[in-house]
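All values reported here derive from a predicted model rather than from experimental measurement. Residue numbers count from 1 along this sequence.
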Amino acid sequence: MPLFAATIALSAFLLFLVQPVIAKQILPWFGGSAAVWTTGLVFFQVALLAGYAYSDLVVRKLAPLRQAQLHGALVLASLAFLPITPSATLKPENADNPIGRILLLLAATIGLPYLILSTTGPLVQAWFARSYPGGQVYRLYALSNVASMLALLAYPPVIEPLATSRAQSLGWSAGYALFAALAIAAAWRAARGARRSESQSVSQSVSRSVSRSVSRSVSQSVSQSVSQSVSQSVSENASENASENPSRERGRGLPRPAPALAPGPRVQALWLLLSALGSVLLLSVTTHVTQNVASIPFLWVLPLAIYLVSFILCFDGTGWYRRGWYGALGCVMVVLMLGGLHWRVDWNAMAIEPGLMPIDEALPLYAFGLFVLCMFCHGELVARKPAPPFLTRFYLMISLGGALGGVAVGIVAPLAFDWYWELPLALAVLAAVLLFLTEGRVQWVATAALTLTILGLWLYQGAIRHETVERSRNFYGSLRVKSTAADDAPDARWRLLHGVITHGEQYRAEKLSKLPTTYYGHASGVARTIAAQRALAPLEARRVGLIGLGVGTLASYAREGDTYRVYELDPAVLELAQRRFTFLADSRAKVQIALGDARLVLEREPPQRFDLLAVDAFSSDAIPVHLITREAIRAYRRHVRDDGVVAFHISNRYLDLSTVVLRLAEEIGWSALRVVDEPEKGSPLYRSDWIMISANKALLDAIAQQGAITPIVADPTLGIWSDDFNNLFRILK
């Protein structure tokens with residue numbers, strides 16, 4: 001038992017730990033997009049499915065010794081992938097949809113080790129069930145989920161702050177080598193146990209036969225031997241076929257144990273549906289919370305932890321799940337979660353009104369709702385679990401459902417939908433499943449819930465279509481163009497949103513359309529920098545680099561002869577900025593567009609000799625860390641003139657990036673100046689926070705003379721970030 005338990009626990013820990021470890025290494029190659037994590041989850045779920053399919057096939061088709069030989073050979077072969085370090089040859093060359101490249105990169109880096117880890121749970125549990133027929137095999141599944149959650153929860157606060165990316169990779173690889181030794185030992189232990197059990201059975205059969213022969217005469221022995229041989233053969237055949245033919249459950253009138261019946265197609269289809277719904281809920285709730293509620297780093301941990309807790313409680317086997325309770329609660333939560341997508345409660349007026357729920361209400365609602373609905377899905381799975389001989393098929397169907405759910409949300413939805421429709425659709429399907437699986441009074445509640453869900457879904461899609469001018473969705477997320485008022489209203493503006501983050505807005509009236517808005521007013525740090533440079537050299541044309549386009553607002557500051565070079569990761573942002581907004585078209589500068597991740601593009605380009613490089617990619621809270629590291633500032637320095645300036649836009653609700661930028665300035669021997677602009681109440685401008693770094697003291701003095709400067713209060717314990725070591729946990733506000 002300790003060997004099997006240790007093998008399963010370590011494999012589950014490594015299985016979940018490798019996900020953030022490898023994602024952290026490849027995030028800089030794909031713009032730091034949160035979709036890298038979602039795409040990674042799809043790969044992991046599909047690999048898990050392949051591992052479970054392998055386990056099911058091996059257990060059914062191969063003898064114990066052959067299982068040990070095959071699995072041991074594959075485990076040894078997987079060691080060739082260590083240490084897990086992505087190849088630089090797989091870096092993307094352009095901004096096209098990178099899903100295929102991410103999947104290829106993961107397969108080439110951790111494909112076989114991850115496959116081996118994914119086989120461990122069902123395979124070792126099958127070996128345990130064969131070695132210990134009376135053991136509680138499903139508790140090993142709960143153990144694997146506990147180890148998975150420990151890895152998940154330990155990474156952000158413990159592992160990431162203490163270890164560089166390379167150290168994490170090497171540490172994981174060392175852990176995998178230990179796992180390989182345990183897995184091979186467990187395989188051979190199971191094979192030896194099976195051989196010993198077979199030997200004991202044969203020995204006992206021979207001993208009984210000899211004893212009967214000695215106690216009887218030769219003639220009686222011959223007669224009875226023939227009779228007993230036939231009788232024993234019939235009895236053994238009946239025993240062997242009991243699971244296939246329930247009518248053969250009794251021998252000579254003595255009761256036999258109930259046979260292990262193979263699960264039928266309907267039961268297996270229900271396993272598939274319930275596991276797929278759980279996976280869809282996990283990913284769609286994560287997407288909704290991080291895109292439409294708040295893009296706080298680490299929020300993806302909460303839904304995944306809840307998902308794992310539901311598995312642990314349901315598979316523990318101690319009665320955590322009660323169909324009546326969770327069925328009724330599930331009906332209520334389906335309706336509330338669907339309502340929370342577009343409506344909120346005005347507690348002062350005690351009324352329901354359109355709008356996004358505040359985070360302190362939305363987060364508890366969707367966290368508790370996810371828990372209740374996952375408990376229902378996984379509880380119903382456990383209620384239909386098969387006998388141990390069929391557990392590999394059970395896990396195979398669970399894994400297949402998880403993979404299908406992951407593919408549906410991570411790959412199909414961004415390509416097929418123009419909005420985050422997967423969550424409301426999943427809630428509607430769940431309402432139907434609740435009605436199908438519940439009974440009695442709860443079924444009446446489920447009927448009402450399904451009716452309200454269908455009505456709510458119809459109202460929700462109508463509201464989304466009514467208030468949005470245009471929607472667009474791709475790998476990098478969903479974009480919306482919204483109108484703040486009727487187009488003929490004097491203050492009407494179009495606003496570009498990525499989830500809940502504003503990327504810019506523009507007045508619809510022609511006489512106001514060239515006015516800078518949001519974070520780019522005339523008192524903002526970047527506007528002061530442009531004005532100071534013009535004051536110092538009025539006639540000189542400027543080269544300005546912009547990392548992050550938004551709607552192109554900064555192009556409104558250009559003069560004749562200026563060149564503005566824009567680095568934009570998302571092609572959909574560029575397309576909307578050019579078609580729905582006019583800042584780029586109306587600009588007097590020569591505008592150049594470079595699609596792709598700014599770091600990768602700048603590394604390939606010759607020096608651009610920018611007078612100003614504005615790095616505007618951090619207001620979206622789930623920030624691209626690779627744009628604010630030692631390697632990044634060295635790339636920026638290569639492209640900025642000696643008397644130029646790099647302006648960092650650090651307006652952020654949840655992260656304080658001021659010390660991080662100060663350390664970058666110190667790295668290249670430049671000085672830093674912070675400008676925080678607080679517009680008057682009612683102004684269409686937003687509060688903005690900019691830090692300018694430069695070696696040009698005269699320029700920084702000219703910026704400071706335009707208004708009050710905010711001092712930078714640095715954290716003395718925070719060192720410079722690098723691609724190999726950075727920690728968002730340390731800079732949470």
Side-chain angles (χ1 to χ4, degrees), residues 33-35 37-39 41-42 45 97 99 273 275-295 299-300 303 307 330 333-344 354-357 362 365-366 369-370 373-374 377 401-434 449-482 496-501 570 572-573 576:
S33 171
W37 172 255
T38 306
T39 306
L41 282 180
V42 173
Q45 288 175 319
N97 193 325
I99 290 177
L273 175 62
S275 60
L277 281 175
S279 177
V280 168
L281 276 174
L282 165 65
L283 291 176
S284 58
V285 168
T286 302
T287 300
H288 173 67
V289 169
T290 57
Q291 296 289 345
N292 299 321
V293 176
S295 297
L299 263 189
W300 58 268
Y307 180 82
M333 296 313 300
V334 162
V335 175
L336 292 180
M337 291 170 73
L338 182 59
L341 294 178
H342 185 69
W343 291 274
R344 62 185 177 191
L356 286 173
M357 297 179 68
L365 170 65
Y366 287 97
L370 179 64
L373 295 175
C374 281
C377 291
L404 290 176
V407 169
V409 177
I411 296 179
V412 176
L415 298 176
F417 297 150
D418 60 1
W419 183 242
Y420 298 113
W421 297 112
E422 52 268 31
L423 180 55
L425 290 175
L427 293 173
V429 173
L430 259 168
V433 171
L434 282 161
L450 179 58
T451 303
L452 290 173
T453 301
I454 294 173
L455 176 61
L457 186 59
W458 180 75
L459 292 173
Y460 176 66
Q461 64 85 25
I464 291 296
R465 296 182 189 281
H466 173 71
E467 67 180 12
T468 304
V469 176
E470 182 175 344
R471 293 185 305 274
S472 174
R473 186 176 178 184
N474 61 12
F475 171 82
Y476 301 104
S478 183
L479 298 169
R480 288 181 295 165
V481 179
K482 296 183 65 175
L496 179 62
L497 294 168
H498 180 274
V500 294
I501 304 301
D570 188 350
V573 170
L576 285 174

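Taking the side chain as every heavy atom from C-beta outward, Val481 and Leu576 approach each other to under 4.5 Å. Contact annotation: the side chain of Leu425 never approaches that of Val280 to less than 4.5 Å [non-hydrogen atoms, C-beta and beyond]. Looking only at side-chain heavy atoms (C-beta outward), Leu427 and Met333 stay at 4.5 Å or farther from each other. Taking the side chain as every heavy atom from C-beta outward, Leu479 and Arg471 never approach each other to under 4.5 Å. Counting heavy atoms from C-beta on, the side chains of Ser279 and Gln45 come closer than 4.5 Å. In this structure, the side chains of Phe417 and Arg473 come closer than 4.5 Å at one or more pairs of heavy atoms. The shortest side-chain heavy-atom distance between Leu459 and Trp343 falls under the 4.5 Å cut-off. You'll find the side chain of Leu430 reaches within 4.5 Å of the side chain of Cys377, heavy atoms only.
In terms of modelled atom types and a separation under 3.5 Å, the side chain of Tyr366 and the main chain of Met337 share a donor-acceptor contact. For the pair His498 (side chain) and Tyr476 (backbone), a donor-acceptor distance under 3.5 Å is present.
Tyr460 and Trp421 have their aromatic ring centers within a separation under 6.0 angstrom.
Put simply, CG on Leu341 and CG on Leu336 are 11.0 Å apart, with the number rounded to the nearest 0.5 Å. Taking CG of Leu373 as the start and CG of Leu277 as the end, the distance is 9.5 Å to the nearest 0.5 Å. To the nearest 0.5 Å, atom OH of residue Tyr420 and atom NE2 of residue His288 are 10.5 Å apart. With rounding to the nearest 0.5 Å, the separation of OG in Ser472 from CG in Asp418 is 8.5 Å. To the nearest 0.5 Å, the span separating CG on Leu415 from CG on Asn474 amounts to 9.0 Å. In this structure, the separation between OG on Ser478 and CH2 on Trp419 is 5.0 Å, given to the nearest 0.5 Å.
Nearest heavy atom pair, residue Thr453 against residue Ala449, reads OG1-O, 2.6 Å. Nearest heavy atoms, Thr286 versus Pro303: OG1-CB, 3.2 Å. In this structure, Gly410 and Ile99 approach most closely via the heavy-atom pair O-CD1, 4.3 Å. Of all heavy-atom pairs spanning Gly406 and Leu283, the tightest one is CA-CD1, 3.5 Å. Residue Gly401 comes nearest to Ser275 through the heavy atom pair CA-OG, 3.2 Å, listed as atom of the first residue, atom of the second, then distance. Nearest heavy-atom pair across Leu450 and Ala432 is CD1-N, 3.8 Å.
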